[in-house]
Amino acid sequence: MIVQILKRSSLAALSLAAFISCGHSSVIEDFENGIGSWNKEGEAFKVSSGDNNVTGYSGSSFLTVDEDESLSGSITSGPFTIKGKFINMLLAGPKGSGFGRGAAASLIVDGNAVRTSSPIGDDPKKFEWVSWDVEEFGGKEASIKVEVPPARSFAGRTLPRGSIMVDRIEQGPKRLSSFYDEYSLTLKADGKYLLIPASDKGTNSRLSVEVDGENILGNAQSVRAATSEIGYYIPVNIGKYSGKPVTVKLTGIKTSDAVYGNIKTSDETPNSPTEQYRPLVHFSPSFGWTNDPNGMVYVDGKWHLSLQYNPYGTTHGNMHWGLSVSDDLIHWTDKNPVIAPDELGSIFSGSAVVDHDNTAGFGKDAVVAIYTSAGAGQRQSIAYSTDGGYTFTKYSGNPVLSDPDQRDFRDPKVNRIGDQWVMALACGQVIRFYGSKDLKEWTFLSDFGTGLGSHDGVWECPDLLKFNYQGKDKWVLFVSINPGSPHGGSITQYFIGDFDGKRFKADNLPYPLWVDSGADNYAGVTYADAPGGRTVFMGWMSNWAYTGSTPTTFFRNCMTLPRDLSLKSDGRHLILASVPSPEVDAARSGGRDVDGVSSSKSMDISEILPSNKGAYEIDFTIVPEGKGNISFSLSNGKGETAIWELDPAGGKISFDRSRSGITDFSPSFAAKPVTTALPTRKEYKCRLFVDRLSTELFVNDGDFVFTNCVFPTEVYNTFGVKSADSQFSVKDIKIYELK
Ligand code: FRU
């Protein structure tokens, strides 16, 4: 009640009686008589006797800061004895300027600042209550110090000095603020999960979860605590602490925020298997954000997929390595994250190997992860697992590779080549190779890439692949770039050439060549130790241009289908061929032949599947009979349609998703069709995979692959082919459900 009165009050509108009637509060200072006995240092502070632009203060004057940015200083109250449960004070000024360095008010006990606050309101000219819980200091002598430090300069720029206004400081039995610098709540662990209400539109807050005095999250994690609406619940697994008290701490929240009062425990996670866009045959994390696939390694008959992972939100942040494991590359089981951020920084992309010969000394067959520690600079670190890749210990000698001169220095991909480990590392706009005997000491081998391929963005996520082509070794180097895709945002290019153990030399080919010509396949790399000498690839099925706002709820992003890679000639030169891995065939259910058409200008399959859950494969071969464009499309009952347009004569294909469903989450998603080269052929043998939010089109046994996401508001259940001006035939049509 009092808080509301104050919010509405302006100059002199507040009656002191309202305060006193609410409890036994006593006023420490109200600045009605200047600065009284406060001790002033520097010239920054003064008492303002009213200001018509400022609201919410008490009486007719308040403490403020001179506008002259060159002034700084502090002002400290005389000593008083703490006797209330709370100290409440009115603060105004620019929000957040006080964290660490800016303008702030502090409570000093025994010479130490035991509480510090800076202004909290969205309107810098409106006073808001700030409250400190001071019960633990009851009976002690204290003082209050308000400071405004000198303006700082950073990277040649002078940053604003910060500012603070203070009024009516009192102590009493009641907390008057609706804002918590740090909100703390203790619950009993009586469910498997602790659920924290959050939303992409929520307020930035730091979350800690303490059990027996330890933060079980490691560091405090950045979350977007729910304010006006709950978008999702962040699940924190507290199963192993059953019955114990669990203390949740969140910084910077208000009592009016939706997170306040709605934190709960439950045996269920918010993971909704029925979520509209949840893929059925692609990896997606059961909760949270993912980008690049990391540490892909085949161990003891299982496919391990680590991932760039935020366990505490659906946007990029708190980067961990998550872990999911699969028997068949299609169905995945999430495990606990394996590598968490530490004092060296967030855990960025990298790879994993099985150290069969114990070269690193962590044990025979230890799984060793090599990743980028992204903190103050980017450096390479390692961690090892002796339980087959389920739990990792960070190496005590981390980081194992640094170069302070390099800003973008990341994404180590390590392969066993001959008798050494070879790391390919993205370094600005080159790929740098390093060699090592033991995964701990790395020696520079060579740089690759200056003047070759696309340099329209930063180089990231390399992978060096060895193929046997017509009896000889032939090498491929992947380089992801962001931005710089012809479609906007991110894309992965490759080079074909030779590697002599030290240096990669590219063949003279018409670069850039793309691993996938669509808009949504990035940062993909291949499995270590894949059985049968296979080269198995998965990419991140999204694009940095719009990935942060795609319309999913409990998870954001997924991986592509697994693909087996090889080299083949397209008649002109060698190309990288991508086909769906055999495991994808095993996910087929049923299988229905559909009659094709010959010498026609249109064809429709009005019902793709009788009970269509959104995951299916349509195989078909289009034979053009003229020079005109031929389009094929998927559509639903709401008139939403995704259209591929084949231009056989022009050697092109494009994908128009402007009417495919939800597109307005980002202007760059559907602004123009995704258009790319597709070599002219007599016929186009297509395999089109659809899985709720994704389309992956494979043409002519690996010649071409085209991955593009869509967000239809109901599943597409009609398939059509048509041409305005040319006849065509469609043959060998087969439809499979995928599960
Ligand atoms: C590629 C990338 C990597 C980096 C990671 C961070 O998508 O930018 O270069 O390691 O994502 O999440």
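Worth knowing before you read on, the calculation uses all heavy atoms, side chains too, and leaves out hydrogens, waters and symmetry mates. Order of appearance sets the numbers: ligands from 1, and atoms from 1 within every ligand.
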With sequence neighbours left out, the residues meeting side chain to side chain contact (heavy atoms under 4.5 Å, CB included) with R407 are none

By side chain to side chain donor-acceptor pair (under 3.5 Å), S485 pairs with (sequence neighbours left out) none

Can a salt bridge be assigned to the pair D520 and R657 using a cut-off of 4.0 Å between side-chain N and carboxylate O? yes

Item checked: Ion pair check, D447 and R432, cut-off under 4.0 Å -> yes

So OG1 of T333 and CZ of F283: to nearest 0.5 Å the spacing works out to 10.5 Å

Are any protein N/O atoms closer than 3.5 Å to the N/O atoms of ligand 1? If there are, list each pair with names and the distance to one decimal place.
| from | atom 1 | to | atom 2 | distance (Å) |
| --- | --- | --- | --- | --- |
| ligand 1 | 7 (O) | D292 | OD1 | 2.7 |
| ligand 1 | 7 (O) | D292 | OD2 | 3.2 |
| ligand 1 | 7 (O) | W544 | NE1 | 2.9 |
| ligand 1 | 8 (O) | E460 | OE1 | 3.4 |
| ligand 1 | 8 (O) | E460 | OE2 | 3.0 |
| ligand 1 | 9 (O) | R410 | NE | 2.7 |
| ligand 1 | 9 (O) | D411 | OD1 | 3.4 |
| ligand 1 | 9 (O) | D411 | OD2 | 2.6 |
| ligand 1 | 9 (O) | E460 | OE2 | 3.2 |
| ligand 1 | 10 (O) | S349 | N | 3.1 |
| ligand 1 | 10 (O) | D411 | OD1 | 2.6 |
| ligand 1 | 11 (O) | N291 | ND2 | 3.1 |
| ligand 1 | 11 (O) | D292 | OD2 | 3.1 |
| ligand 1 | 12 (O) | N291 | ND2 | 3.0 |
| ligand 1 | 12 (O) | Q308 | OE1 | 2.6 |
| ligand 1 | 12 (O) | H316 | NE2 | 2.8 |

Donor-acceptor contacts, no H, no angles, side chain residues 366-373, under 3.5 Å, sequence neighbours left out:
| from | atom 1 | to | atom 2 | distance (Å) |
| --- | --- | --- | --- | --- |
| T372 | OG1 | Q380 | OE1 | 2.8 |
| T372 | OG1 | D411 | N | 2.9 |
| S373 | OG | S381 | OG | 2.7 |

